[in-house]
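One structure is given below, encoded as structure tokens.
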Amino acid sequence: MPASFAHLRFDGVSVSFGTHRVLTNVSITVPAQGVTGIIGENGCGKSTLLRLAAGLMPVDAGTITAVGPGGTRPRIGFLPQTPRIAPHETIEQTLESAIAYLRSITHTIEQAATLLAHSDSAAERTEAAEAYAAALEQAERLDVWDIDARVDATLDGLGLSHLPRHRPTSHLSGGQLSRLSLACVLLSNPDILLL
């Protein structure tokens, strides 16, 4: 597996709700760059499987392993069946919450650059240079420089670009909320995407 991609593995996973067993000894590997679909009747555990993969609930037995780029813990994006968008926020606030992590990387680079510029000793300069290089590598891997253009392109692609960004999310239709929720998941730049 290339070091720049993520994969997900379930080993002997079982889950019950009270006395009702939903999943029994499930083992599956979703390979890096793979697209895997889960097909089944209503109530057979598809949503439970996705919530487990997203880390939103514990397993009764077995293990779930997610390996990200370079062996790191991956960022997992999960699109729930019902959008979880705060009705008091505007579209813009919702989008900014989704990309806050990416914006924080830019801030980390700025802080590291300031430390590098004001380092007094060789040891401080070395430490600041390493922090700057690490933050820069992460920024490049996650493409944080183009985030505003990606927001625009994502909203356009999902048919939401015509909506004023100051509009409260409580004024959106169910379909618009679902598409905004998908936009947020996509913009968070996850290593693993669960839909």
- Would Ser170 and His88 count as a side chain to side chain contact (heavy atoms under 4.5 Å, CB included) if you check the C-alpha gap in whole Å, the side-chain angles of each, and the deciding distance to 0.1 Å? CA-CA 7 Å; Ser170 59; His88 63 278; over 6 Å; no
- Item | Step-by-step side chain to side chain contact (heavy atoms under 4.5 Å, CB included) determination, Phe78 to Leu50 | CA-CA 8 Å; Phe78 173 62; Leu50 290 177; 3.7 Å; yes
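Considering only residues two or more places apart in sequence or on other chains, Glu92 meets the side chain to side chain donor-acceptor pair (under 3.5 Å) condition with none of them. Among residues two or more places apart in sequence or in another chain, the salt bridge (Lys or Arg N to Asp or Glu O under 4.0 Å) test is passed with Arg150 by Asp143. For Thr94, the side chain to side chain contact (heavy atoms under 4.5 Å, CB included) test picks out Ile85, Glu89, Thr169, Leu180, Cys184, with sequence neighbours left out. The side chain to side chain donor-acceptor pair (under 3.5 Å) check on Arg103 picks up Glu96, Asp148, with sequence neighbours excluded. Applying the side chain to side chain donor-acceptor pair (under 3.5 Å) test to Thr63 and every residue at least two apart in sequence or in another chain returns nothing. Asp60 meets the salt bridge (Lys or Arg N to Asp or Glu O under 4.0 Å) test with no other residue; sequence neighbours excluded. The salt bridge (Lys or Arg N to Asp or Glu O under 4.0 Å) search around Arg73 returns none, not counting sequence neighbours.
Note: Thr29 OG1 to Arg9 CZ = 4.5 Å, rounded to the nearest 0.5 Å. With values rounded to the nearest 0.5 angstrom, Ser188 atom OG is found 7.5 Å from Leu102 atom CG.
Between Leu172 and Ile91 there is a side-chain heavy-atom pair separated by less than 4.5 Å. Between Ile28 and Thr36, some side-chain heavy-atom pair lies under the 4.5 Å cut-off. Under the 4.5 Å side-chain criterion, counting only non-hydrogen atoms from C-beta, Leu158 is in contact with Leu182.
A distance-only check finds no donor-acceptor pair linking the side chain of Ser181 to the backbone of Leu177 [under 3.5 Å]. For Asp11 (side chain) and Ser27 (main-chain N/O), no donor-acceptor pair under 3.5 Å exists by modelled atom type. Of the possible donor and acceptor atoms, one in the side chain of Lys46 sits under 3.5 Å from a partner among the backbone N and O of Gly40. Side-chain atoms of Arg51 never come within 3.5 Å of backbone atoms of Met57 as a donor-acceptor pair (strictly under, hydrogens ignored).
Nearest heavy atoms, Leu193 versus Pro190: CD1-CG, 4.1 Å. The heavy-atom pair separating Ile105 from Ala135 by the smallest distance is CG2-O, 3.9 Å. The minimum heavy-atom distance linking Val151 with Ile99 is given by the pair CG2-CD1, 4.1 Å. When all heavy atoms are compared, the tightest approach of Pro74 to Ile192 is CG-CD1, 3.9 Å.
Leu95 and Leu142 end up in the same hydrophobic cluster when Ile, Leu, Val, Met, Phe, Trp and Tyr side chains are linked at under 4.5 Å. Cluster membership check: Leu160 shares its hydrophobic cluster with Ile147, using side-chain heavy-atom separations under 4.5 Å among Ile, Leu, Val, Met, Phe, Trp and Tyr. Under the 4.5 Å side-chain contact rule for hydrophobic residues, Leu56 and Leu79 do not share a cluster. By the rule that hydrophobic residues join a cluster once side-chain heavy atoms approach within less than 4.5 Å of another member, Val26 and Leu8 end up as members of one cluster. There is no path of hydrophobic side-chain contacts, each under 4.5 Å, that joins Leu195 to Ile76.
Residue pairs that meet the salt bridge (charged side-chain N to carboxylate O under 4.0 Å, His left out) test with at least one member in residues 115-134, sequence neighbours left out, do not exist here. The side-chain hydrogen bond (donor to acceptor under 3.5 Å, both in side chains) analysis of residues 77-87, with sequence neighbours excluded, yields the pairs Ser47-Gln81. Sorted by first and then second residue, the pairs that involve residues 154-167 and meet side-chain hydrogen bond (donor to acceptor under 3.5 Å, both in side chains), not counting sequence neighbours, are Asp152-Arg165, Asp156-Ser161.
Other residues, nucleotides and ligands contribute only 12 or fewer heavy atoms inside 6.0 Å of the OH atom of Tyr132.
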Only distances under 3.5 Å count here; give the side-chain donor-acceptor pairs of residues 110-117 to other protein atoms, sequence neighbours excluded, each with its distance to 0.1 Å.
from: Gln111; atom 1: NE2; to: His107; atom 2: NE2; distance (Å): 3.3
from: Thr114; atom 1: OG1; to: Glu110; atom 2: O; distance (Å): 3.0

Tabulate below the donor-acceptor pairs under 3.5 Å that side-chain atoms of residues 15-22 make, not counting sequence neighbours, or state none.
from: Ser16; atom 1: OG; to: Arg21; atom 2: NE; distance (Å): 3.0
from: Arg21; atom 1: NH1; to: Ser14; atom 2: OG; distance (Å): 3.2

